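We count residues from 1, following the sequence as given. If you're wondering where the values come from, they're calculated on a predicted model, not measured in any experiment.
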Amino acid sequence: MTFGIIPPLTASRSSTATTAARLGRMLEPSEWAAAGIPVLSNAREVVTDLHDRHLPGPSTAVVAVLDPAERVTASASFVLRTDAPDGWEFRNALLAQLRRVIPHDLRLRTPVRTAVLLYCRDGEPVWTEADGAWMWGLRDACTLHGLRCGPYITLTRAGWQVLGEGRGGRRPHAGARPELPPLSGPAHGRHDGGVTTGAPRRSGGGSVAARRRTAAR
């Protein structure tokens with residue numbers, strides 16, 4: 001004869017409902033592909049710029065706002081670890097960062113700026129439930145801030161990958177250091193994560209453009 005403790009039926013139902021609700025707050029790759037997410041004309045340049053600005057480590061999210069010319073007007077990085085990925089929590093975290101770095105565009109009938117999300121994580125560069133939750137969170141945060149929802153990009157040891165598009169590359173990758181061109185004059189300061197504003201580093205024969213940075217405290 002064996003004895004055991006049977007959990008209350010109400011508690012079991014509540015846990016099942018919570019899990020079902022959490023799983024409902026994520027997007028499958030097919031759903032993301034069907035959402036009409038705009039394609040970046042030069043994804044590698046955007047990824048490299050964000051990597052150089054924030055040097056993200058594992059579990060670091062970098063959310064950035066691009067102008068119509070795909071220039072980074074503001075960006076922020078933060079670390080959020082959880083054993084149960086929930087798009088609602090990710091949405092709240094992204095929205096809080098967006099509100100810190102740039103005013104909303106809710107008064108506009110049509111969004112003119114685009115938010116992109118670069119997430120650095122361990123593992124293979126394939127879709128995971130956590131990626132699906134980040135996608136859901138990014139889409140919802142963009143709606144609540146008056147922005148157009150842009151691509152979701154993963155950064156792993158293997159390189160970077162724009163999920164839903166199939167585009168990617170081996171550099172930069174998680175753990176890589178930025179490749180900066182030689183600068184004339186005083187050295188420019190860098191910071192790990194935080195908030196950045198101002199013009200991004202753009203190619204086209206010019207030197208590195210000056211940009212104003214404020215480290216998050």
* Asp105 and Arg113 ion-paired at < 4.0 Å ->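 Yes, this pair counts.
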
* Can Leu95 be reached from Trp136 by stepping across I, L, V, M, F, W or Y side chains whose heavy atoms are under 4.5 Å apart? ->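 They do not share one cluster, since no chain of ILVMFWY contacts under 4.5 Å joins Trp136 to Leu95.
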
* Going hydrophobic residue to hydrophobic residue with side-chain gaps under 4.5 angstrom, can you get from Met135 over to Leu144? -> no

* Mark yes when over 12 heavy atoms from residues, nucleotides or ligands other than Arg157 sit less than 6.0 Å from its CZ; otherwise mark no. =>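 Check fails, neighbour count at 12 or below.
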
* To do: Using a cut-off of 6.0 Å, state whether more than 12 heavy atoms not belonging to Glu31 lie near its atom CD.
  =>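 Correct, the count exceeds 12.
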
* **Any side-chain donor near an acceptor of the partner, Glu124 and Thr156, under 3.5 Å** => no

* To do: Would you please say whether a donor-acceptor pair under 3.5 Å links the side chains of Asp131 and Thr128?
  =>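 Short answer, yes.
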
For [X] and [Y], indicate whether the former's side chain and the latter's backbone hold a donor-acceptor pair under 3.5 Å.
X: Thr114; Y: Gly150; value: no
X: His104; Y: Leu106; value: yes
X: Gln161; Y: Ile153; value: no

* **Contact summary for Glu70 and Leu40, nearest pair of heavy atoms** => OE2-CA, 3.5 Å

* To do: If the plane angle is over 60° it's perpendicular, under 30° parallel, otherwise tilted; pick one for Trp32 and Tyr152.
  => perpendicular

